[in-house]
Protein chains: 2
Amino acid sequence: MAAKRTGAQSKRSQRIGGSLQSAREPHSEQPLSLERIVATAVELLDGQGVDGLKMRQLADRLGSGAMSLYWHVDNKEAVFDLALDSVLEYRGPPQTVESQDWRGEVVHMLEDWRASMLRHPWSASLLPRRRLGPNILSRLERLSNTLTRGGVTDADLNVAIWSLWNYVMGATITRANFNLSDDDMAAAQQRLTRLSERYPTIERTRLLLDNDWDGAFRKGLDSLLDGLSPR
Amino acid sequence: MAAKRTGAQSKRSQRIGGSLQSAREPHSEQPLSLERIVATAVELLDGQGVDGLKMRQLADRLGSGAMSLYWHVDNKEAVFDLALDSVLEYRGPPQTVESQDWRGEVVHMLEDWRASMLRHPWSASLLPRRRLGPNILSRLERLSNTLTRGGVTDADLNVAIWSLWNYVMGATITRANFNLSDDDMAAAQQRLTRLSERYPTIERTRLLLDNDWDGAFRKGLDSLLDGLSPR
DNA sequence: CGTTAAATCGTACAGCGTACGAGTCGGTCA
DNA sequence: TGACCGACTCGTACGCTGTACGATTTAACG
């Protein structure tokens, strides 16, 4: 019955870019800030995975009390959103309108996208469930521009973008969740051999044991681009 | 320091197919069983999503105490695994070795796969994180066979399979998490217009507002198959 | 000095998965 | 018959979670 979520974002005001930084040390090492919170959250997520991020632990790592976080951040979900978008920032050369090799550019952009996510394996599975942040949108914008430059018409553009998105997301999510140690590999190997008469083709082509992920990604992407290229 | 997870699957013995069913009503309505647990878990997941499944609620719905579940099931994760695989069972005609239209078969299989997952939207995002169950493996086996029949050599098979897997998973996960009400659509519309000078191409082609998901899936799949087809 | 807003945090609460051990039941064998 | 046993159920309790609430501290300014 209680009225909650009245719409305010967080208690602090909206201006994020304020550049004041006094040299105060109130009692702990540094004052809290959105930036520090997000950076530390990314560290923890990298180390412990999505389920490993706990508000108390995050606060501990920052040298503050758990509830102090909530002045800067609405709730745990917001921490995820911020960490996610921060990790997807594009650090590449500015878009050159001149280049002729549009296809090479597309491949490079998508490989960079995938690499960014694989550097933070929790990010891939998180991305499709959350609202698209500014960094993702500008990656999509870039991609659209390059494809257009390559001759894809507006009528075909959405299908092309979504196809590439689907492929990259699927590949990256799968890869990110499939980290086998050597022991695991051996176990899987054995399990599979045991099932070899039920799944003969899978066994014959060693589908689940082929671990050249990067090469397979690249080859599949090439095929997809072959199919998408304007005739 | 405690030694846990000594390897036993669950306390009950392994035989699942035992056909004994006495007509007893001990105190509640029906005796528990793996089948009932899984079926009810699927119901709850359909209704409340992944985070909405609680062991206590599941037990309530089954008319039993929460801890009774644990005699049939190792832990909550096992419930997810079982629900997931149960939902991915292939209910289609048996594979006909004769058919010439291998490409039509592939499209049909993958559309069916996608449809099965979209009927239970929690399943798509869960699938890549868990070990592949028997029903997924046999779908992959089927797919491999059809592609082979279509002329794909063993050397190219894994790339083809993974490309299709990636595409289908990416498309389905994205779709499953992108369920906008009309209100949301209006809001997104507005938000986007506000950003139109930052993302002009996205705005121009209405990338995020184009909601012909089925058509886009089909077209993209066609392109991908074009690219993958042996020359 | 007093007042105010920004920022911090101790305490508390409801809800979660599940360990543990006691309980019930039906069948089997002496 | 009564003792025993394995299959199955479940009440209680523990540790852990996110976070609501309100008191508290601090910096800034009149």
Side-chain angles (χ1 to χ4, degrees), chain A residues 1-6 8-16 18 20-37 41 44 48-81, chain B residues 1-6 8-16 18 20-37 41 44 48-81:
Chain A
M1 288 297 165
K4 332 179 53 176
R5 297 228 116 265
T6 51
Q9 299 265 104
S10 63
K11 281 87 170 193
R12 78 203 266 272
S13 63
Q14 220 55 354
R15 60 182 171 76
I16 287 184
L20 75 155
Q21 45 176 13
S22 55
R24 56 161 178 172
E25 317 260 280
H27 33 71
S28 62
E29 36 249 84
Q30 280 187 62
L32 276 180
S33 73
L34 246 195
E35 292 77 17
R36 287 188 66 226
I37 291 177
L44 286 176
Q48 337 254 75
V50 193
D51 296 335
L53 180 65
K54 316 287 161 71
M55 294 303 270
R56 285 177 232 256
Q57 188 191 2
L58 176 55
D60 271 5
R61 184 78 83 103
L62 287 160
S64 76
M67 290 313 291
S68 308
L69 302 175
Y70 286 87
W71 196 88
H72 301 267
V73 159
D74 255 12
N75 48 35
K76 194 180 177 181
E77 290 213 340
V79 177
F80 281 133
D81 284 343
Chain B
M1 289 299 165
K4 332 178 52 175
R5 297 226 117 266
T6 52
Q9 300 264 106
S10 61
K11 282 84 172 194
R12 79 203 266 271
S13 62
Q14 219 54 354
R15 60 177 172 78
I16 287 185
L20 76 156
Q21 44 176 14
S22 56
R24 56 163 176 169
E25 317 259 282
H27 33 69
S28 62
E29 36 248 84
Q30 280 186 62
L32 276 181
S33 74
L34 245 196
E35 292 76 16
R36 287 188 66 226
I37 291 177
L44 286 177
Q48 337 253 81
V50 195
D51 298 335
L53 181 65
K54 318 286 162 72
M55 293 304 270
R56 286 176 230 256
Q57 187 192 3
L58 176 54
D60 272 5
R61 185 76 85 100
L62 287 161
S64 77
M67 290 314 291
S68 308
L69 302 175
Y70 286 87
W71 196 87
H72 301 267
V73 158
D74 256 11
N75 48 34
K76 192 180 177 180
E77 290 213 340
V79 177
F80 281 133
D81 284 344

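Convention: sequence-line order gives letters A, B, ...; per-chain numbering from 1.
Look at CG on B:L34: it is 13 Å from C1' on D:dC8, rounded to the nearest Å. Remark: C1' of D:dT17 and CD of A:Q57 are 13 Å apart, rounded to the nearest angstrom. The CZ atom of A:F80 sits 12 Å away from the C1' atom of D:dT17 (whole-angstrom rounding). Remark: C1' of D:dC10 and CG of B:L58 are 15 Å apart, rounded to the nearest angstrom. Between B:M67 atom CE and C:dG23 atom C1' there is a gap of 14 Å when expressed in whole angstrom units. Counting to the nearest Å, the P atom of D:dT17 and the CG atom of A:D51 are 12 Å from each other. Straight-line distance from the CZ atom of A:R36 to the P atom of C:dT8: 10 Å, rounded to whole Å. One can place CG of B:L69 at 9 Å from P of D:dT9, the figure rounded to the nearest angstrom.
Taking 4.0 angstrom as the limit, A:S68 places none of its side-chain polar atoms (N or O) nearer than this to OP1 or OP2 of C:dA7. Listed pair B:H72 / D:dA7 fails the phosphate criterion, with no side-chain N or O lying under 4.0 Å from OP1 or OP2.
The distance from the CG atom of A:L58 to the CG atom of A:L69 is 5.0 Å, given to the nearest 0.5 Å. Taken from CD in B:E35 to NE2 in B:H72, the straight-line distance is 10.0 Å, to the nearest 0.5 Å. To the nearest 0.5 Å, atom OG of residue B:S64 and atom CZ of residue B:R36 are 8.0 Å apart.
Annotation: side chain of A:K54 is not in contact with side chain of A:D60 (no heavy-atom distance under 4.5 Å). Residues B:Q48 and B:Q57 form a side-chain contact, since some pair of their non-hydrogen atoms from C-beta on lies under 4.5 Å apart.
When distances run from any side-chain atom of A:W71 to the nucleotides C:dA19, D:dT9, C:dT8, the shortest one goes to C:dT8.
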Grab the N/O contacts between the protein and nucleotides 13-17 of chain C below 3.5 Å, and write none if there aren't any.
from: C:dC16; atom 1: OP1; to: B:K54; atom 2: NZ; distance (Å): 3.3
from: C:dG17; atom 1: OP1; to: B:K76; atom 2: NZ; distance (Å): 2.6
from: C:dG17; atom 1: OP2; to: B:M55; atom 2: N; distance (Å): 3.1
from: C:dG17; atom 1: N7; to: B:R56; atom 2: NH2; distance (Å): 2.7
from: C:dG17; atom 1: O6; to: B:R56; atom 2: NH2; distance (Å): 2.9

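A:N75 places a side-chain N or O within donor-acceptor distance of the main-chain N or O of A:A78, the cut-off being under 3.5 Å. Between the side chain of B:K76 and the backbone N or O of B:L53, at least one donor-acceptor pair lies under 3.5 Å.
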